[in-house]
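Atoms within each ligand, like the ligands themselves, are counted from 1 in listed order. Note that the numbering runs from 1 along the sequence shown for the chain. Because only heavy atoms are used, hydrogens play no part in the values below, and waters and symmetry mates are left out as well, while side chains stay in. What you see is a predicted model; the values in this text were computed from it and never measured.
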Amino acid sequence: MSDPIRLATGNPGKAAEFARLLGAPVLPIDGWDPPDENGASFLDNARIKARAGARQCPGAWVVADDSGLCVDALGGAPGVLSARYGGPGLDDAGRVQALLTAVEGAPDRSARFACALVAITPDGTELATEGTLEGALAEAPRGANGFGYDPILIPAGETRTCAELAPHEKDAISHRGAAARRLREALGL
Ligand code: IMP
């Protein structure tokens, strides 16, 4: 593979993160036109985005991801709705607060981040991998690193939340890191 992988996103920051995780050049898709993410699973949504990416970038290697937080006490929610949890108008801190309110008093605070990746090769072959980061929900947000629900997920075996880990510490154990390592192997990178 000599050309850069195209990530099904318009976000250069996300492409830079995947370049680090995959150990290969990754660029966002110019003029990315996002499809409706209406799949029932992270894998469905990653596949929807990868196929849209392949249509928008014919002949390229395309990778798409989808990820989120699954909380056992909420039957796996927010899951594929993680980015929209709590309704429109909330920022990351608002979504974190809405989630803490929803699980208040629940005896089981187990939760996990999950990530699905789908790659499509120039000849149309599809490869899919998944990764999870198991943990438990903190009682209150802690830490300033990361994004999204990082301030409330404490990885199994840790006392710190993901937002209290250094970026390289999170990469080493994260759902995205695990899925990316599997994809790297599958693509022979
Ligand atoms: P997307 O896969 O980029 O659409 O992310 C979905 C949503 O899941 C994000 O907006 C975050 O709220 C949440 N999420 C996914 N991965 C992480 C993570 O590593 N840390 C914190 N939140 C995450």
Side-chain contact, heavy-atom cut-off 4.5 Å: [X] with [Y]?
{"X": "Asp65", "Y": "Thr9", "answer": "no"}
{"X": "Val118", "Y": "Val63", "answer": "no"}
{"X": "Val103", "Y": "Arg109", "answer": "yes"}

Proximal atoms of ligand 1 relative to [X] (non-hydrogen, under 4.0 Å):
{"X": "Asp150", "value": "18 (C), 19 (O), 20 (N), 21 (C)"}
{"X": "Lys170", "value": "18 (C), 19 (O), 20 (N)"}
{"X": "Asp66", "value": "2 (O), 4 (O)"}

| query | What closest approach, in Å, do Ala172 and Arg181 show between heavy atoms, and which atom pair accounts for it? | reply |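 Residues Ala172 and Arg181, closest heavy atoms: O-NH2, 3.4 Å.
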**Closest approach of Gly68 to Ser82 (non-hydrogen atoms, all atoms of both residues)** =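 In terms of heavy atoms, the two residues are closest at CA-OG, 3.4 Å.
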Would you mind telling me if ligand 1 is within reach of the side chain of Arg176, the backbone, both or neither, using heavy atoms under 4.0 Å?
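For Arg176, only side-chain atoms sit under 4.0 Å from ligand 1.
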Exercise. With heavy atoms under 4.0 Å as the rule, classify the contact between Phe147 and ligand 1 as side chain, backbone, both or neither.
Key: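 It is both backbone and side chain that touch ligand 1.
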Looking only at N/O atoms, are [X] and ligand 1 under 3.5 Å apart anywhere?
{"X": "Glu37", "value": "no"}
{"X": "Lys49", "value": "no"}
{"X": "Tyr149", "value": "yes"}

Handout entry: Salt bridge present between Arg47 and Asp66 (N-O < 4.0 angstrom)
Key =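 Asp66 and Arg47: not salt-bridged.
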Does Arg176 pair with Glu17 as a salt bridge, N-O distance under 4.0 Å?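 Salt bridge present between Arg176 and Glu17.
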Considering only the protein, which heavy-atom contact is closest to [atom], and what is its distance?
{"atom": "atom 16 (N) of ligand 1", "value": "His175 NE2, 3.2 Å"}
{"atom": "atom 3 (O) of ligand 1", "value": "Lys14 NZ, 3.0 Å"}
{"atom": "atom 10 (O) of ligand 1", "value": "Ala83 CB, 3.6 Å"}

- Message: Counting only heavy atoms, tell me which of Ser67, Ser82, Pro78, Pro34 gets closest to atom 6 (C) of ligand 1.
- Response: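 It is Ser67 that holds the nearest heavy atom.
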*Establish, from distance only, whether the side-chain atoms of Asp108 and Ser110 form a donor-acceptor pair under 3.5 Å.*
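Note: Asp108 and Ser110 side chains meet the donor-acceptor criterion.
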